[in-house]
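What's counted below: heavy atoms across the whole structure, side chains too, no hydrogens, waters or symmetry copies.
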Amino acid sequence: QAQLVESGGGSVESGGSLRLSCSVSGHTYSRVCMAWFRQAPGREREGVGTITSDDTITYADTVKGRFTISQDNAKNTVYLQMNGLKPEDTATYYCAAGRRELYYRSGYGSCSHDAAKYNYWGQGTQVTVSS
């Protein structure tokens, strides 16, 4: 059992920056995928990026070059640094955890951007970017 708690959201103007934090307590998985998702009003939940315990990282194309995922294992915290924010980044941002997939031929792979693959979720933190 695990609990995920997001923080760091807020309201900024276009071009501004925010750093989101995801504090993890309790057990997730021995090999875990941590992910950031976002959901805007009337829109589907979409994957922003993922990170593994060995720092394998993925990003959505829409945020590459602007967002950076990192982690501090000693603090059990995952971060999302967001620079160059745009109005289309406005959404509720969620932290999530899921089991990292093991493949027979290639070992542990990168993490999915499919929300259905994650079974631990935080409550979300709001990010609003004005034009």
Side-chain angles (χ1 to χ4, degrees):
Q1 298 179 353
Q3 293 187 54
L4 281 58
V5 180
E6 304 95 337
S7 62
S11 182
V12 299
E13 62 184 19
S14 182
S17 298
L18 286 171
R19 188 180 74 162
L20 306 183
S21 298
C22 174
S23 178
V24 181
S25 62
H27 175 74
T28 56
Y29 299 102
S30 57
R31 296 290 184 269
V32 67
C33 289
M34 299 298 302
W36 287 98
F37 288 81
R38 65 186 182 186
Q39 188 165 24
R43 305 285 292 180
E44 67 276 7
R45 188 167 296 189
E46 63 176 349
V48 175
T50 67
I51 188 168
T52 69
S53 59
D54 62 353
D55 289 322
T56 298
I57 295 171
T58 72
Y59 296 103
D61 289 341
T62 51
V63 306
K64 286 181 180 177
R66 299 189 296 122
F67 291 10
T68 302
I69 296 174
S70 63
Q71 63 190 344
D72 186 335
N73 290 324
K75 297 181 179 179
N76 295 317
T77 302
V78 179
Y79 303 96
L80 182 66
Q81 177 67 47
M82 304 185 295
N83 299 325
L85 284 163
K86 305 174 181 179
E88 52 262 45
D89 296 318
T90 295
T92 301
Y93 283 70
Y94 297 91
C95 183
R99 188 187 302 275
R100 190 179 185 183
E101 187 172 6
L102 175 64
Y103 299 96
Y104 276 124
R105 299 178 64 181
S106 58
Y108 287 98
S110 60
C111 297
S112 175
H113 285 217
D114 181 1
K117 301 294 185 180
Y118 296 85
N119 62 337
Y120 294 101
W121 292 85
Q123 294 302 118
T125 185
Q126 179 66 38
V127 172
T128 302
V129 185
S130 60
S131 60

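- Between T92 atom OG1 and E6 atom CD the span is 9.5 Å, to the nearest 0.5 Å.
- Pairing each heavy atom of A91 with each of R38, the nearest pair is CB-CB, 3.8 Å.
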Test salt bridge (charged side-chain N to carboxylate O under 4.0 Å, His left out) on K64 and D61; report intermediate values, then the result. CA-CA 5 Å; K64 286 181 180 177; D61 289 341; 3.1 Å; yes
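- Distance CG/L102 to CZ/R31: 9.5 Å, rounded to 0.5 Å.
- When side chains are defined from C-beta on, L20 counts as touching V127, because their heavy atoms get closer than 4.5 Å.
- A heavy-atom distance below 4.5 Å is not found between the side chains of S11 and S130.
- Closest approach of G49 and I69 over heavy atoms only: C-CD1, 3.1 Å.
- Between the side chain of Q81 and the backbone N or O of T68, no donor-acceptor pair lies under 3.5 Å.
- Taken together through direct or relayed side-chain contacts under 4.5 Å among Ile, Leu, Val, Met, Phe, Trp and Tyr, V78 and Y59 form part of one hydrophobic cluster.
- T62 is not listed as a side-chain neighbour of E88, based on a closest heavy-atom distance of 4.5 Å or more.
- Separating the CE atom in M34 from the OG atom in S53 is a distance of 11.0 Å, to the nearest 0.5 Å.
- Y118 and F37 have perpendicular rings, their planes meeting at more than 60° on a 0 to 90° scale where under 30° would count as parallel.
- Of the inter-residue distances, the one linking T77 atom OG1 with L4 atom CG reads 10.0 Å to the nearest 0.5 angstrom.
- Residues N83 and S17 share a closest heavy-atom pair of OD1-OG, 2.9 Å.
- Using a 3.5 Å distance cut-off with no hydrogens or angles, the side chains of T58 and T50 do pair a donor with an acceptor.
- Both V63 and W36 are assigned to one and the same hydrophobic cluster, defined by single-linkage of ILVMFWY side chains at heavy-atom distances under 4.5 Å.
- Other residues, nucleotides and ligands contribute over 12 non-hydrogen atoms within 6.0 Å of the CZ atom of R45.
- Side-chain heavy atoms closer than 4.5 Å link hydrophobic residues (I, L, V, M, F, W, Y) into clusters, and following such links, possibly through other members, connects M82 to I57.
- Hydrophobic clustering of Ile, Leu, Val, Met, Phe, Trp and Tyr side chains at less than 4.5 Å, counting indirect connections, unites V12 with V48.
- In this pair, W121 and Y94 present their aromatic rings perpendicular. The plane angle is above 60°, beyond the 30 to 60° band.
- Contact record, Q71 with D55: NE2-OD1, 2.6 Å, taken as the closest heavy-atom pair.
- Atom OG of S112 sits about 14.5 Å away from atom CZ of R99, to the nearest 0.5 Å.
- Under the 4.5 Å side-chain criterion, counting only non-hydrogen atoms from C-beta, D54 is in contact with R100.
- Surrounding CD of E46 are more than 12 heavy atoms belonging to other residues, nucleotides or ligands, all under 6.0 Å away.
- The shortest side-chain heavy-atom distance between R66 and K86 falls under the 4.5 Å cut-off.
- The two residues A60 and G47 make their nearest non-hydrogen contact at CB-O, 3.5 Å.
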Could you go step by step and tell me if Y120 and V24 meet the side-chain contact (heavy atoms from CB on, under 4.5 Å) rule? CA-CA 10 Å; Y120 294 101; V24 181; over 6 Å; no
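- Atom CZ of R19 is separated from atom OG of S7 by 8.5 Å, given to the nearest 0.5 angstrom.
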